[in-house]
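Please read the structure below before turning to the comments.
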Amino acid sequence: MTNNIIEIYTDGSSRGNPGPGGYGVVLKFNGAVKEMAKGFRLTTNNRMELLGAIRGLAQLNQPCDVTLYTDSRYVIDGITKWIHGWMKKGWVNAAKKPVANEDLWRELLIVTRPHKIDWQWVKGHDGHPENERVDQLASDEAVRASKPGYSKR
């Protein structure tokens, strides 16, 4: 595709499900590192996992070869195995119920289109440095979002 090979690490967190939550993202390209994180007052872990991947990919302003690392089987299985069936069936799942987080799945489809993405699962809380970092970013945002008067900059 391109010579632009990007590594993206993502994680999501929530304190309660639903509850306050956040996502964390680390992007790596040619030795440069960019970190992003954001919290939300009321969300779910799965929404934060998806939003981390979406926001990371949305940072790319041209087609890239991407390796995206996440500890979320929900994100990886959803985008690589389930999503095409959901679309064919009108966004209903195998149980014939509306797909949870359809809005974010649709957004994820849009931000993946220009890129060649290698989706990689990493075991969470297993000492992987970048995964530990995005976990910390997401967790810190969830804690901030749980405090009275929280408002993201």
Side-chain angles (χ1 to χ4, degrees), residues 4-83 86 91 93 97-153:
N4 300 323
I5 300 171
I6 310 287
E7 291 180 332
I8 301 176
Y9 301 84
T10 69
D11 200 12
S13 176
S14 68
R15 300 169 61 85
N17 210 20
Y23 67 81
V25 179
V26 170
L27 293 100
K28 290 184 160 191
F29 175 67
N30 281 348
V33 177
K34 178 178 182 176
E35 294 185 347
M36 304 171 4
K38 185 173 181 183
F40 294 84
R41 298 276 304 150
L42 186 63
T43 189
T44 65
N45 186 68
N46 283 343
R47 287 189 71 78
M48 294 298 92
E49 296 282 5
L50 283 164
L51 208 48
I54 291 164
R55 295 299 177 251
L57 289 165
Q59 293 297 300
L60 309 179
N61 58 16
Q62 61 185 319
C64 298
D65 290 331
V66 178
T67 303
L68 192 144
Y69 299 89
T70 177
D71 60 11
S72 173
R73 291 286 351 159
Y74 175 70
V75 170
I76 290 179
D77 289 346
I79 196 67
T80 64
K81 296 178 184 177
W82 306 331
I83 202 161
W86 293 337
W91 291 96
N93 62 24
K97 294 185 178 180
V99 170
N101 303 309
E102 177 186 342
D103 59 328
L104 295 180
W105 287 113
R106 287 177 180 268
E107 195 172 344
L108 185 59
L109 274 175
I110 291 167
V111 297
T112 60
R113 280 192 188 124
H115 312 294
K116 179 182 172 200
I117 303 171
D118 178 18
W119 297 91
Q120 291 292 315
W121 180 79
V122 295
K123 186 175 181 181
H125 311 286
D126 198 41
H128 186 284
E130 290 86 357
N131 182 258
E132 295 293 334
R133 179 63 184 147
V134 291
D135 177 71
Q136 188 66 55
L137 291 167
S139 297
D140 288 351
E141 287 297 323
V143 169
R144 280 189 199 96
S146 70
K147 294 184 178 174
Y150 171 80
S151 121
K152 185 66 181 173
R153 323 168 256 302

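We count residues from 1, following the sequence as given. Computed from heavy atoms alone, side chains included, the values below leave out hydrogens, waters and symmetry copies.
- Contact record, Arg47 with Asn101: CG-OD1, 2.8 Å, taken as the closest heavy-atom pair.
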Report task. Show the numbers, then the answer: is there a side-chain contact (heavy atoms from CB on, under 4.5 Å) between Ile83 and Val99? Result -> CA-CA 9 Å; Ile83 202 161; Val99 170; over 6 Å; no
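- Side-chain N or O atoms of Asp77 include none that pairs as donor or acceptor with a backbone N or O of Lys81 at under 3.5 Å.
- Asp135 CG to Glu132 CD: the interatomic distance, rounded to the nearest 0.5 Å, is 6.0 Å.
- In plain terms, the two heavy atoms of Ala145 and Phe40 that are nearest each other are CB-O, 3.3 Å.
- The residues Glu130 and Arg133 are annotated as not salt-bridged, no charged nitrogen and carboxylate oxygen being separated by less than 4.0 angstrom.
- Residues Pro114 and Ile110 approach most closely at CD-O, 3.8 Å, considering heavy atoms.
- With Arg41 contributing its side chain and Lys147 its backbone, the two residues share a donor-acceptor pair below 3.5 Å.
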Query raised in the report: Would Glu141 and Tyr23 count as a side-chain contact (heavy atoms from CB on, under 4.5 Å) if you check the C-alpha gap in whole Å, the side-chain angles of each, and the deciding distance to 0.1 Å?
Result: CA-CA 7 Å; Glu141 287 297 323; Tyr23 67 81; over 6 Å; no
Requested in this report: Could you walk me through whether Asp65 and Asp118 pass side-chain contact (heavy atoms from CB on, under 4.5 Å), step by step?
Outcome: CA-CA 8 Å; Asp65 290 331; Asp118 178 18; over 6 Å; no
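- With rounding to the nearest 0.5 Å, the separation of CD1 in Ile54 from CG in Leu109 is 9.5 Å.
- Under the 4.0 Å criterion applied to side-chain N and carboxylate O atoms, Glu107 and Arg55 are assigned as salt-bridge partners.
- Tyr9 and Tyr69 have parallel rings, their planes meeting at less than 30° on a 0 to 90° scale where 60° marks the start of perpendicular.
- To the nearest 0.5 Å, the span separating CG on Leu57 from CD1 on Ile8 amounts to 4.5 Å.
- To the nearest 0.5 Å, the span separating SG on Cys64 from NZ on Lys116 amounts to 12.5 Å.
- Partner Leu50 forms a side chain to side chain contact (heavy atoms under 4.5 Å, CB included) with one of Val75, Thr10, Thr70, Ile79 and no other, that one being Val75.
- The two atoms that bring Gln59 and Lys34 nearest to each other are OE1-NZ, 2.6 Å, heavy atoms only.
- Here the closest heavy-atom approach between residue Gly56 and residue Leu27 is recorded as O-CD2, 3.6 Å.
- If you take CG on Asp126 and CG on Asp71, they are separated by 10.5 Å, rounding to the nearest 0.5 Å.
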Report task. Evaluate the criterion side-chain contact (heavy atoms from CB on, under 4.5 Å) for residue pair Leu51 and Leu104; output intermediate values, then yes/no. Result -> CA-CA 7 Å; Leu51 208 48; Leu104 295 180; 4.0 Å; yes
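- Nearest heavy atoms, Asn45 versus Ser14: N-OG, 3.2 Å.
- A side chain to side chain contact (heavy atoms under 4.5 Å, CB included) with Ile117 holds for exactly one of Thr80, Val111, Leu68; it is Leu68.
- Side-chain contact between Val26 and Val33: present, with at least one pair of heavy atoms (C-beta onward) separated by less than 4.5 Å.
- For the atom pair Met48 CE and Asp11 CG, the distance stands at 11.5 Å (nearest 0.5 Å).
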